[in-house]
Trainee: 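Here it is, the structure, as structure tokens.
Just so it is clear: chains get the letters A, B, ... in the order the sequence lines come, proteins before strands, and each one is counted from 1.
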Protein chains: 2
Amino acid sequence: MKTHKTKSSNSNNAAPNTHTVRAYESVVAKIRLLIEEEKLGPGDLLPPERQLADRFKVSRHSLREAIRVLQEQGVLSAKQGSGNYIQAASQADLIRALGFTSKGSTRRLFDLFQLREMLEPQICALAAEMATTEQLNTIRDFAEKVETTEDFQEGQKLDQSFHEAIAAATGNELLYNVLREINKSMLPTASTPTERQRRDRVSNEGHRRIIAALEAQDSEAAREAMRLHISEIRSEVI
Amino acid sequence: MKTHKTKSSNSNNAAPNTHTVRAYESVVAKIRLLIEEEKLGPGDLLPPERQLADRFKVSRHSLREAIRVLQEQGVLSAKQGSGNYIQAASQADLIRALGFTSKGSTRRLFDLFQLREMLEPQICALAAEMATTEQLNTIRDFAEKVETTEDFQEGQKLDQSFHEAIAAATGNELLYNVLREINKSMLPTASTPTERQRRDRVSNEGHRRIIAALEAQDSEAAREAMRLHISEIRSEVI
DNA sequence: GACAAGAAATGGTTGTACCAATTCCACATT
DNA sequence: AATGTGGAATTGGTACAACCATTTCTTGTC
């Protein structure tokens with residue numbers, strides 16, 4: 001056996017099944033809790049690793065795995081000889097804010113579209129100025145796939161990727177992440193086949209206008225095309 | 001010694017300076033390289049940890065830190081007793097791969113301001129149409145307090161409250177939450193007293209223009225006033 | 001050939017020791 | 001009294017070794 005490159009042939013569970021909780025995972029949660037409870041803000045420093053390991057009843061190794069993860073998530077930053085510092089509110093928190101919302105379903109959807117109508121036209125305008133040819137190709141690819149895909153769910157995912165790719169083309173990672181979260185919040189809206197057909201047609205026309213504007217590097221046209229697109233979709237959905 | 005909650009008072013380098021390369025970081029890079037070179041795809045499995053640690057000449061601990069990070073990034077998934085498997089790349093990764101560079105502290109701030117410049121003028125325009133007299137009073141209150149407050153930190157908080165109150169006046173809870181998170185992400189920017197004075201003056205003039213537009217229920221004027229305000233602040237800060 | 005028991009492999013966890021950078025503090029110098 | 005200054009203490013970084021828990025492979029039995 002060559003050790004690696006082994007296709008796990010049969011009943012491979014791609015989805016992490018029941019998933020035993022690792023030590024470091026609970027520690028990550030505990031540290032997050034600690035930060036919140038102690039109201040630790042940017043610049044404050046965490047108790048020493050040895051002390052935390054003792055407090056949480058885990059080895060320093062496990063604790064450090066948690067630190068690494070939090071560091072990778074941008075929550076902490078380590079400084080040898082000094083300590084582990086709290087970083088500025090992570091982008092993750094901003095993103096999380098989009099996840100919540102308790103309100104009624106239509107209210108929630110309305111709010112979301114309002115946000116999209118504020119944000120996406122501007123993103124599109126910026127993308128018109130910033131996009132590389134490679135990024136433009138990616139955007140075009142997604143738009144094409146949307147048109148040729150039969151499966152409705154798959155089509156919705158591709159449509160989201162289209163919008164995300166435009167956000168990515170701005171070169172602003174924050175905008176990309178925010179848009180991704182917005183898309184996650186957009187629940188798959190069930191509808192009748194005829195409604196879908198109509199929506200798809202309207203949507204595809206919108207995509208073409210947007211791509212044309214992006215190709216022309218015409219930021220004003222791009223802004224307007226996206227504004228119209230979102231507005232049309234909203235009318236269809238709500 | 002209170003162990004934590006210690007503001008690193010003076011020469012705090014918020015920007016991770018030269019940054020000595022940790023062992024695990026280079027290992028992360030090496031594993032990524034390994035995956036590419038060996039053309040490992042989703043479902044394939046990595047060589048055992050002990051073997052990799054030996055190959056890369058690092059302790060198993062350091063190697064495992066790298067594994068954790070890659071796991072957190074969604075590149076790997078570990079299965080006890082079996083091995084570390086390569087995860088399927090999501091199309092999000094594809095899009096992401098097309099851009100995004102540094103991550104430097106200034107870049108982050110720039111991204112944030114870009115988002116604010118996209119969002120807040122529109123929020124302000126909407127608020128001009130939607131705000132009740134009571135909400136207007138709240139907004140005015142915060143603006144006044146900003147002008148009369150001596151303490152710098154307190155002033156910054158009040159300024160944030162001013163912006164949040166405007167978002168609240170839109171009646172869109174989502175917008176309010178997003179703006180709150182954006183504000184949390186804005187680092188307290190240290191600066192000299194003269195800089196502060198100048199910034200405060202510019203800021204207060206902006207607030208007055210914004211309030212005037214809101215009172216007049218002139219959404220276009222409100223949009224423009226906020227656009228100018230954010231733009232001015234950005235120039236001062238960056 | 002099927003199946004069960006045990007051996008081997010592999011990730012998960014712990015403990016200890018030491019290195020490297022930083023911070024702290026007592027003491028000497030001025 | 002203010003200021004260096006050098007060493008001790010603190011704290012994160014790395015390493016080695018051992019053992020546990022789960023999975024996988026091997027072997028022997030029927």
Trainee: For B:Glu117, is there an ion pair with B:Arg227 - N to carboxylate O distance below 4.0 angstrom?
Mentor: no
Trainee: Less than 4.0 angstrom between a side-chain N/O of A:Ser82 and OP1 or OP2 of D:dG12, yes or no?
Mentor: no
Trainee: Are B:Arg180 and B:Asn183 linked by a side-chain donor-acceptor pair shorter than 3.5 Å?
Mentor: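 B:Arg180 vs B:Asn183: no donor-acceptor pair found between side chains.
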Trainee: Specify the separation, in whole Å, of atom NE2 of A:His61 and atom P of D:dC20.
Mentor: 17 Å
Trainee: Over how many whole Å does the gap from A:Glu65 atom CD to C:dT13 atom P extend?
Mentor: 7 Å
Trainee: Please report, rounded to the nearest Å, how far the P atom of D:dT11 is from the CG atom of A:Leu76.
Mentor: 16 Å
Trainee: Taking the nucleotide of DNA chain C with the nearest heavy atom to each, does A:Ser59 or A:Gly81 sit closer to the 5' end?
Mentor: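 Closer to the 5' end of DNA chain C: A:Ser59.
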Trainee: Start at the 5' end of DNA chain C and walk down; is the nucleotide closest to A:Ser62 or to A:Arg50 reached first?
Mentor: A:Ser62
Trainee: Atom CG of A:Leu52 and atom C1' of D:dG12: how far apart are they, to the nearest Å?
Mentor: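 The answer, rounded to whole Å, is 12 Å.
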Trainee: Any idea which heavy atoms bring B:Leu179 and B:His163 closest together, and the distance?
Mentor: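 The answer is CD2-O, 3.2 Å.
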Trainee: Give a yes/no answer on whether the side chain of A:Arg64 brings an N or O atom under 4.0 Å of OP1 or OP2 in D:dG12.
Mentor: no
Trainee: Where do B:Arg55 and B:Pro47 come nearest, in terms of heavy atoms and distance?
Mentor: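 Looking at all heavy atoms of both residues, the closest pair is NH2-CG, 4.2 Å.
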Trainee: Take the protein atom CD of A:Gln71 and the nucleotide atom P of D:dG13, then report the distance between them rounded to whole Å.
Mentor: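 A:Gln71 atom CD is separated from D:dG13 atom P by 7 Å.
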Trainee: Distance check needed: D:dG12 P versus B:Tyr24 OH, whole Å only.
Mentor: 15 Å
Trainee: When you measure from the side-chain N and O atoms of A:Asn84 to the phosphate of D:dG12, is any distance below 4.0 Å, counting only OP1 and OP2?
Mentor: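 A:Asn84 to D:dG12 OP1/OP2: side-chain N or O found under 4.0 Å.
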Trainee: A:Arg22 has an atom CZ; how far is it from atom P of C:dG11, in whole Å?
Mentor: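 Interatomic distance, CZ of A:Arg22 to P of C:dG11: 11 Å.
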Trainee: Ring-plane angle category for A:His61 and B:His61, please: parallel below 30°, perpendicular beyond 60°, tilted otherwise.
Mentor: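 A:His61 and B:His61: perpendicular rings.
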Trainee: What I want to check is whether an N or O donor and acceptor connect the side chain of B:Arg60 with the base of C:dG12 at under 3.5 Å.
Mentor: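 Indeed, a donor on one side and an acceptor on the other fall under 3.5 Å apart.
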Trainee: In whole angstrom, what separates A:Lys57's NZ from C:dG15's C1'?
Mentor: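 The distance from NZ of A:Lys57 to C1' of C:dG15 comes to 16 Å, rounded to the nearest Å.
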